There are 2 protein chains.
Amino acid sequence: MGNIKIHGLRKEKRKFFFVLLRLAEMGAYQRSIKVSTFLLAEKIGLSQQTASRYLLDLQRLGWIERSITRNGGLIRITEAGRSVLREVFSRLSVILESKIPSSLMFEGVVFSGLGEGSYYVTREAYRRQFIEKLGFDPYPGTLNVKLLSEHDVKARAELDNYPAIEIEGFKDKDRTYGPVRCFRALINNEAEGAVVCALRSHYNSSVIEIISPFYLRGKLKLNDGSRVRVEVFPNIPSKKGET
Amino acid sequence: MGNIKIHGLRKEKRKFFFVLLRLAEMGAYQRSIKVSTFLLAEKIGLSQQTASRYLLDLQRLGWIERSITRNGGLIRITEAGRSVLREVFSRLSVILESKIPSSLMFEGVVFSGLGEGSYYVTREAYRRQFIEKLGFDPYPGTLNVKLLSEHDVKARAELDNYPAIEIEGFKDKDRTYGPVRCFRALINNEAEGAVVCALRSHYNSSVIEIISPFYLRGKLKLNDGSRVRVEVFPNIPSKKGET
DNA sequence: ATTACTACTCACCGAGTAA
DNA sequence: TTTACTCGGTGAGTAGTAA
């Protein structure tokens, strides 16, 4: 979730991305092109020897195909190589084209509430929706985090502007329960969960409440006063079709 | 033209691009975010010390702004930094979204024609259009290049499918002169010019004819039999609005 | 807790050169 | 002509640590 290592190739991507981009610009994205190591060296501003090694490495990685003749080899980018370029492109698209940041980082301190969290989370009508829309059955309780700095409080307020996973309100015979907005989150870079924002919260915006399939105080060894880092992903949608 | 060093920062871009991308994904593209060197280190998979140096370097480059407090600095990407990301994005767009390659590379051998090139280039109605649409007054003569390999001939044939800078045909009292398709080109990675493709050419598709503001045989020290490299840019439009 | 210095290691780049 | 090897210098990344 945001951090999972799909990439056992981080280092390689960093090293070879711009060379691959150059080759693509020379036409190797769609066709075979004739490139000598000397020509490539010129284009990337490095030596012929380095260009040669780069091509060998790219070949070993399976990002290009190559057939060497005596006056410069024929090169074309493979599907694997194309997907490297596409991946960077789509990461940039998200950043440049969407107004919604891919994640927001919060820092705060754990504190104990009065158990209201637990009460609400265990209401069956809420619980059913958490399971359906978030994909997990929440531990019966919330982790309350007090935001300390100005900066965090401002960022928290911004969350209100982003599209959330919406949990509908309901009534029972005694009272009404308001709608809740959720955002997927990662706590201490380790445990998945969600930030829940009740529209009529008993807390002000310097507090965030977190639910999770795990008992977070146990899993992350937290006590009152522990510092936690919460990364919120406003872009990750709910499991089942939601706006 | 394709190769001009707008970038005195090639090396820096290669080195810092992915770090900048990471920071952007963490939200620094639009807002200030709180990032400790330790957190950044985690995200990029390198040590805290390296992350610290990266941030210092990015700051010196003017790609980020930074204010250090005692629990992690506040960081935001500057306009200069954003433009680095946008540049890579647009280079990728060109490759991924257009069917037209940004350049095609040809290799061949210089040979002498019978002077017809010179005759056509100096027709006033052609010359006027070259000046208007290509932005240069061509040397009165063409450089003929014989393509030797199968691969080059195929690539030459592909040019017919790409949108060219169109030079209109005309009539004088004696005869008609056909339309001509031009593509901007770089000869031996050094001299600007254009490849001209007459629709009714006296040559077959294993030859390309080049015009240039320069006397290329002189400028590039070419003789009959010299090998030349011609890079053709099918995407660079004419000076004045042309389809 | 932070940031960032110094010192050290190792990987990378390029000169020379063989094939 | 090419490609790509070896090898030596340089610069990038990390451990230790001060502030």
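In what follows, every heavy atom counts, from backbone to side chain, and hydrogens, waters and symmetry copies are set aside. All chains are named by letter (A, B, ...) in the order of the sequence lines, taking the proteins before the strands, and each is independently numbered beginning at 1. None of these values were measured; they are calculated from a predicted model.
Using a 4.5 Å heavy-atom threshold, the side chains of B/S212 and B/Y139 count as separate.
Between the CD atom of B/E107 and the C1' atom of D/dT2 there is a distance of 11 Å, given to the nearest Å. Nucleotide D/dT14 holds its P atom 12 Å from the CG atom of B/L40, rounded to whole Å. In this entry the distance linking NZ of B/K34 with C1' of C/dT2 reads 12 Å, nearest Å. Protein atom CG of B/L39 is 17 Å distant from nucleotide atom C1' of C/dA4, rounded to whole Å. Distance B/F38 CZ to C/dT2 C1': 12 Å, rounded to the nearest Å. Between the CZ atom of B/F18 and the C1' atom of D/dA12 there is a distance of 17 Å, given to the nearest Å. The separation between B/I68 atom CD1 and C/dT2 atom C1' is 11 Å, rounded to whole Å.
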- Task: Can you check each nucleotide of nucleotides 13-19 of chain C against protein heavy atoms at under 4.0 Å and return B for base, S for sugar-phosphate only, - for none, in 5' to 3' order?
- Result: BBBB---
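The side chain of A/S36 places no N or O atom within less than 4.0 Å of a non-bridging phosphate oxygen (OP1 or OP2) of D/dT2. The side chain of B/R66 contributes an N or O atom lying less than 4.0 Å from OP1 or OP2 of C/dA4.
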Taking distance alone, no hydrogens or angles, what donor-acceptor pairs closer than 3.5 Å link side-chain atoms of residues 31-41 of chain A to residues at least two apart or in another chain?
{"from": "A/K34", "atom 1": "NZ", "to": "B/S149", "atom 2": "OG", "distance (Å)": "3.3"}
{"from": "A/K34", "atom 1": "NZ", "to": "B/D152", "atom 2": "OD2", "distance (Å)": "2.7"}
{"from": "A/S36", "atom 1": "OG", "to": "A/F38", "atom 2": "N", "distance (Å)": "3.4"}
{"from": "A/S36", "atom 1": "OG", "to": "A/L39", "atom 2": "N", "distance (Å)": "3.0"}
{"from": "A/T37", "atom 1": "OG1", "to": "A/Q48", "atom 2": "NE2", "distance (Å)": "3.2"}

Would you mind writing out the side-chain donor-acceptor pairs for residues 54-67 of chain A within the sub-3.5 Å range, not counting sequence neighbours?
{"from": "A/Y54", "atom 1": "OH", "to": "B/R14", "atom 2": "NH2", "distance (Å)": "2.9"}
{"from": "A/D57", "atom 1": "OD1", "to": "A/R60", "atom 2": "NH1", "distance (Å)": "2.8"}

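Here B/F111 pairs with B/Y203 under the ring pair (Phe, Tyr, Trp, His ring centres under 6.0 Å) rule; sequence neighbours left out. The side chain to side chain donor-acceptor pair (under 3.5 Å) search around A/S226 returns none, not counting sequence neighbours. Partners of B/S118 under the side-chain contact (heavy atoms from CB on, under 4.5 Å) rule, at least two apart in sequence or in another chain, do not exist in this structure. Looking at residues two or more places apart in sequence or on another chain, you find a side chain to side chain donor-acceptor pair (under 3.5 Å) between A/D224 and A/S112, A/R217.
For the 3.5 Å distance criterion, the side chains of B/S102 and A/E25 fail to qualify, holding no donor opposite an acceptor.
Over its length, the helix from C/dT2-D/dA19 to C/dA19-D/dT2 turns its helix axis by 40°, as judged from the five terminal pairs at each end, rounded to 10°.
Residue-to-nucleotide proximity on DNA chain D shows that, of A/L55 and B/R227, the 5′-proximal contact is made by B/R227.
For residues 64-86 of chain A, there are no ring-ring contact (aromatic ring centres under 6.0 Å, His included) pairs, not counting sequence neighbours.
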